[in-house]
Amino acid sequence: MDDRPNLYGAGREELARQVAPLDPRPFRARQVFRWLYQRDELAPAAWTDLPLALREQLATRFRFERPAWSGGAQARDGTIKAEVALPGADRVEAVAIPADDRQTFCISSQVGCAFGCRFCMTARLGFRRNLEIGEIVGQVALLRAVTGSPVGEYNIVFMGMGEPLHNFERVRAALALLTDEEGFALPPRRITVSTVGLPGGILGLADLPRPPRLAVSLVTADQALRDELMPVSRRYRLDELGDAIRRFGAGRRERPTLEVVMLAGVNDHPRLAPPLARYARRVGAKVNLIEFNPTPELPYAPAPEERIEHFLRVLANGGVVGTVRRSRGQDAYAACGQLAFLAADAKG
Ligand code: SF4
């Protein structure tokens, strides 16, 4: 068994601590940092700006391994779903969605999820474990390599498996690597953290030196209906959540987004549109209406187009910016809420 510690996912300080006994000059750890995260070159033998003896010592003492591609599928619209193998039998999925100018990478933060939203396939897995820092940023490195995306020229959304703010410390460390100019070099505005709505985590994100964008899966502004669809809502009420969203957005140019997956006969009734507009206005957010991807395992259907149009009109009349996100990648099961298919298959 290989018992060398794996340094992939280590931040600047940790790398400095590990490299210093071999070569105390601070720029050595910086060189390793750049090879790992900016250049995605994980073999010390290839780190040609380091002396050969140091490269050999690093290779003897440490591993530098990121999660591996273990399968995948490509949808007709070009969306790529990568199945990512983790140590042990666990797997998560990471998805690359092409747009006109750049890719969007949808990545996972946990294996399974503890929050049990009724409309989500991942919920069916239950919670297995948090991803490590290297397992989070490793998905980005993997998709960057698969799609040939240049450094810094893509978007990231934390909308895959799991609730990112339930794995806050590791997600925070991953964000530091992703936005570091000598790391993944991604401007924070290209990263969106999507949450079920954990107020403490939202405020934690707001306090970061370079906060990402925030999206909150609201689904409805009706408290009783939200309690039914998202059990977390019984613990963190809409008022408390709204306060956190407003504080996140205060003083920022980019407004937070409220995501509303539109479910036929559930949250698309016209009477639910005005409260949604009022809530969005109160918390200073825009609204993204999301087409639901039907799956045989879930008892929901997509809302009809005229209901979506109605919501958009009510939002506009209420002075709220509303958009619609059309589903992508359905034939590769890569759309939101479908990221449990492979894992469920693997378990079964
Ligand atoms: S929607 Fe998000 S928070 Fe809710 S169960 Fe699915 S993965 Fe978890």
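Because only heavy atoms are used, hydrogens play no part in the values below, and waters and symmetry mates are left out as well, while side chains stay in. When a residue number appears, it is its place in the shown sequence, counting from 1. Counting starts at 1 for both ligands and their atoms, in listed order.
The proximity of Cys113 to ligand 1, defined as any non-hydrogen pair under 4.0 Å, is limited to the side chain.
At least one heavy atom of Gly162 sits closer than 4.0 Å to an atom of ligand 1.
In this structure, Arg282 pairs ionically with Asp243, as a charged nitrogen and a carboxylate oxygen lie closer than 4.0 Å.
With respect to Gln110, the side chain to side chain donor-acceptor pair (under 3.5 Å) criterion is satisfied by exactly one of His166, Glu135, Arg128: His166.
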Would Thr195 and Glu163 satisfy side-chain hydrogen bond (donor to acceptor under 3.5 Å, both in side chains), going step by step from the backbone distance to the final call? CA-CA 6 Å; Thr195 172; Glu163 163 54 48; 2.9 Å; yes

May I have the step-by-step check of side-chain hydrogen bond (donor to acceptor under 3.5 Å, both in side chains) for Asn167 and Ser109, ending in yes or no? CA-CA 7 Å; Asn167 187 12; Ser109 53; 5.6 Å; no

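Interface atoms of ligand 1 facing Gly116, defined by a heavy-atom separation under 4.0 Å, are 5 (S). Listed by number with element, the atoms of ligand 1 under 4.0 Å from a non-hydrogen atom of Val196 are 3 (S).
Among the backbone and side-chain atoms of Cys120, an N/O/S atom is found under 2.8 Å from atom 6 (Fe) of ligand 1.
Taken together through direct or relayed side-chain contacts under 4.5 Å among Ile, Leu, Val, Met, Phe, Trp and Tyr, Leu208 and Leu165 form part of one hydrophobic cluster.
Taking atom 5 (S) of ligand 1 as the reference point, the nearest protein heavy-atom neighbour is Cys117 N, 3.4 Å.
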